[in-house]
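Reading through the structure tokens given below for one structure.
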Protein chains: 2
Amino acid sequence: MPAPRRVSQEDLVAAIRRIAEAEGIDAVTMSSVAAEVGVRTPSLYKRAAHRHDLLRLAAEDAVRELVDGMAELGAPGRTPAETLTGLARALRAFAATAPRVSALLFAAPSERAAPSRASAEPLLGALLTAVSAAVPGDPLPAARTFTAWVYGFCTMEQAGAFRLGGDVDEAFEYGLDALLSTIGARP
Amino acid sequence: MPAPRRVSQEDLVAAIRRIAEAEGIDAVTMSSVAAEVGVRTPSLYKRAAHRHDLLRLAAEDAVRELVDGMAELGAPGRTPAETLTGLARALRAFAATAPRVSALLFAAPSERAAPSRASAEPLLGALLTAVSAAVPGDPLPAARTFTAWVYGFCTMEQAGAFRLGGDVDEAFEYGLDALLSTIGARP
DNA sequence: ACCTGAACACCGTTCAAGT
DNA sequence: ACCTGAACACCGTTCAAGT
């Protein structure tokens with residue numbers, strides 16, 4: 001006697017992200033998520049065999065949302081500098097609205113919680129394409145430098161690491177300009 | 001009838017860091033740490049009122065170790081570029097030996113787990129001094145750019161985010177050179 | 001002053017039994 | 001095919017009682 005699935009994937013992921021942002025990653029438990037979607041805890045194991053799978057679902061959903069939100073960034077008319085500026089600002093804006101999950105994107109607590117290579121591909125692809133168009137030769141070191149800076153900045157900002165005063169927006173634009181200059185993506 | 005303290009602060013912190021690096025931050029529990037130092041769980045509450053206090057103890061110990069290891073970096077004879085190069089390489093080497101705690105340094109899971117301003121001061125002070133000597137005017141944006149890049153790079157490297165092949169050492173040196181150039185710390 | 005056993009509400013995970 | 005109650009070993013935290 002087949003029983004219908006009672007919780008959509010959309011509702012499940014939304015519940016995970018809601019709890020993560022409202023109460024922190026540690027509050028994303030099998031119990032809290034089950035309660036949030038209205039089933040008993042053991043039912044959740046049909047959808048996520050381990051707790052860290054819940055975190056991966058949230059992280060992959062975040063990547064998808066990020067990619068959707070900047071579909072037009074890679075448009076043919078744009079310069080590499082424009083694309084990379086858009087990417088960096090989009091990631092920072094996303095980190096501001098979803099700080100907990102965005103911290104998971106490049107530094108998950110386990111392999112199991114990390115977004116799959118396939119789900120991260122569109123994001124990395126857009127980045128590599130833009131960097132390739134700017135630097136001669138191997139784009140990988142420049143792409144890694146750029147990504148490390150954006151990710152580090154957004155993570156630190158959301159963790160409250162910039163406590164010495166000063167204008168954080170200004171520091172971001174300073175850094176963006178500096179990074180674009182050194183990797184040669186400057187008009 | 002006073003009872004003597006049975007666990008030294010050194011042993012306690014060493015136990016926390018041992019568990020963190022061997023089994024991950026999530027494995028640092030009141031129970032596991034208590035067992036590791038040879039007391040019962042409730043005794044630990046005399047030393048750390050909450051689990052995140054254990055993480056802060058580890059993070060502050062890591063900062064202290066980092067600062068000790070580069071006491072000579074700020075020596076009068078050095079150029080800003082030499083000091084910043086030493087800082088960046090020291091942080092990367094430290095992240096390689098203590099990846100779990102170093103991930104906590106600038107992005108702790110809660111205020112309680114974050115190293116205190118006072119304990120982080122020597123590290124930030126050395127950085128700001130070196131950057132101030134290189135850039136004219138406000139050193140804060142440049143210092144934040146540099147720190148964000150180093151921290152992002154080390155965190156991503158240790159989390160296994162650089163999976164596209166290529167030489168990660170080369171990417172680090174490329175980035176270091178790029179960052180030093182843009183903030184003007186170049187001979 | 002520090003340590004302990006007992007207790008409480010919780011958590012991840014498994015599994016046999018329901019529909 | 002999915003959901004559930006019951007069960008297990010665990011966890012953070014509190015507290016009264018020991019020395």
Side-chain angles (χ1 to χ4, degrees), chain A residues 1-60 100-101 104 108-114, chain B residues 1-60 100-101 104 108-114:
Chain A
M1 298 296 144
R5 166 183 282 195
R6 218 143 73 189
V7 179
S8 73
Q9 192 74 358
E10 288 80 6
D11 287 351
L12 176 60
V13 169
I16 300 168
R17 288 187 53 180
R18 216 178 305 129
I19 296 169
E21 300 307 337
E23 303 171 57
I25 295 296
D26 287 357
V28 178
T29 68
M30 298 301 273
S31 323
S32 68
V33 173
E36 182 86 2
V37 297
V39 297
R40 301 289 172 164
T41 307
S43 303
L44 223 52
Y45 286 81
K46 290 276 161 182
R47 317 292 291 274
H50 294 279
R51 192 183 83 97
H52 278 193
D53 293 329
L54 296 176
L55 303 182
R56 184 172 40 74
L57 290 179
E60 292 182 345
R100 315 290 192 144
V101 273
L104 293 177
S110 79
E111 192 68 26
R112 196 141 201 161
Chain B
M1 296 295 144
R5 165 183 285 196
R6 218 141 74 186
V7 178
S8 73
Q9 192 75 359
E10 288 81 4
D11 288 351
L12 176 60
V13 170
I16 300 168
R17 289 187 52 180
R18 216 178 305 129
I19 296 169
E21 300 306 336
E23 304 172 55
I25 294 296
D26 286 357
V28 177
T29 67
M30 299 302 272
S31 323
S32 67
V33 173
E36 182 86 0
V37 298
V39 296
R40 303 289 174 163
T41 308
S43 303
L44 223 51
Y45 286 79
K46 289 277 160 181
R47 317 291 289 274
H50 295 280
R51 190 183 85 97
H52 279 193
D53 293 329
L54 297 176
L55 303 182
R56 184 173 39 74
L57 290 178
E60 292 182 345
R100 316 290 193 144
V101 272
L104 294 177
S110 78
E111 192 68 25
R112 195 139 202 164

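Chain A is the first sequence line, chain B the second, and so forth, proteins listed ahead of strands; every chain is numbered from 1. FYI, side chains are in, hydrogens and waters are out, and symmetry mates aren't considered; it's all heavy atoms of this structure.
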- Full working for side chain to side chain contact (heavy atoms under 4.5 Å, CB included) between B/Val33 and B/Arg51: CA-CA 10 Å; B/Val33 173; B/Arg51 190 183 85 97; over 6 Å; no

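At a threshold of 4.5 Å between non-hydrogen side-chain atoms, the residues B/Leu12 and B/Leu44 count as touching. Looking at B/Val101 and B/Ile16, their side chains never come closer than 4.5 Å, going by heavy atoms from C-beta outward. A heavy-atom distance below 4.5 Å is not found between the side chains of B/Val13 and B/Glu60.
Computed from coordinates, the A/His50 NE2 to C/dG12 P distance equals 13 Å when rounded to whole Å. In this structure, B/Tyr45 places its OH atom 14 Å from C1' of C/dT4, rounding to the nearest Å. With rounding to whole Å, A/Arg112 atom CZ is found 13 Å from C/dG12 atom C1'. Whole-Å rounding puts the A/Arg47 CZ to D/dA1 P distance at 15 Å. At whole-Å resolution of the value, CG in A/Leu44 and P in C/dG12 are 10 Å apart. In this entry the distance linking CG of A/Leu54 with P of C/dG12 reads 9 Å, nearest Å. Rounded to an integer number of Å, the gap from A/Lys46 NZ to C/dC15 P is 12 Å. Following rounding to the nearest Å, B/Arg51 (CZ) and C/dC11 (P) show an atom-to-atom distance of 14 Å.
Of all the heavy atoms in A/Ala114 and A/Arg56, the pair that sits closest is O-CD, 3.1 Å. Between A/Asp26 and A/Thr29, the shortest heavy-atom distance links the atoms O-CG2, 3.7 Å. Closest heavy-atom contact between A/Leu104 and A/Pro109: CD2-CD, 3.6 Å.
Closest to the B/Thr41 side chain, of the nucleotides C/dC3, D/dT13, C/dG12, is D/dT13.
The side chain of A/Ser43 contributes an N or O atom lying less than 4.0 Å from OP1 or OP2 of D/dT4.
Note that the NE2 atom of A/His52 and the CG atom of A/Leu54 stand 9.5 Å from one another [nearest 0.5 Å]. Atoms CZ and CE, from A/Arg40 and A/Met30 in turn, are 15.5 Å apart once rounded to the nearest 0.5 Å.
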Are any protein N/O atoms closer than 3.5 Å to N/O atoms in nucleotides 5-9 of chain D? If there are, list each pair with its distance.
unit_1 : atom_1 : unit_2  : atom_2 : d
D/dG5  : OP2    : A/Arg40 : NE     : 3.2

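A/Glu23 places no side-chain N or O within donor-acceptor distance of the main-chain N or O of A/Val28, the cut-off being under 3.5 Å.
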- Query: Under a 3.5 Å cutoff on both atom distances, Watson-Crick or G-U, what's the dot-bracket for DNA chain C ([ ] crossing, | other strand)?
  - Reply: ||.|||||...|||||.||

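Of the residues in residues 5-38 of chain B, those with a non-hydrogen atom less than 4.0 angstrom from any atom of DNA chain C are B/Arg5, B/Arg6.
When the options A/Arg47, A/Arg112, A/Lys46 are evaluated for a salt bridge (charged side-chain N to carboxylate O under 4.0 Å, His left out) with A/Asp53, the one that passes is A/Arg112.
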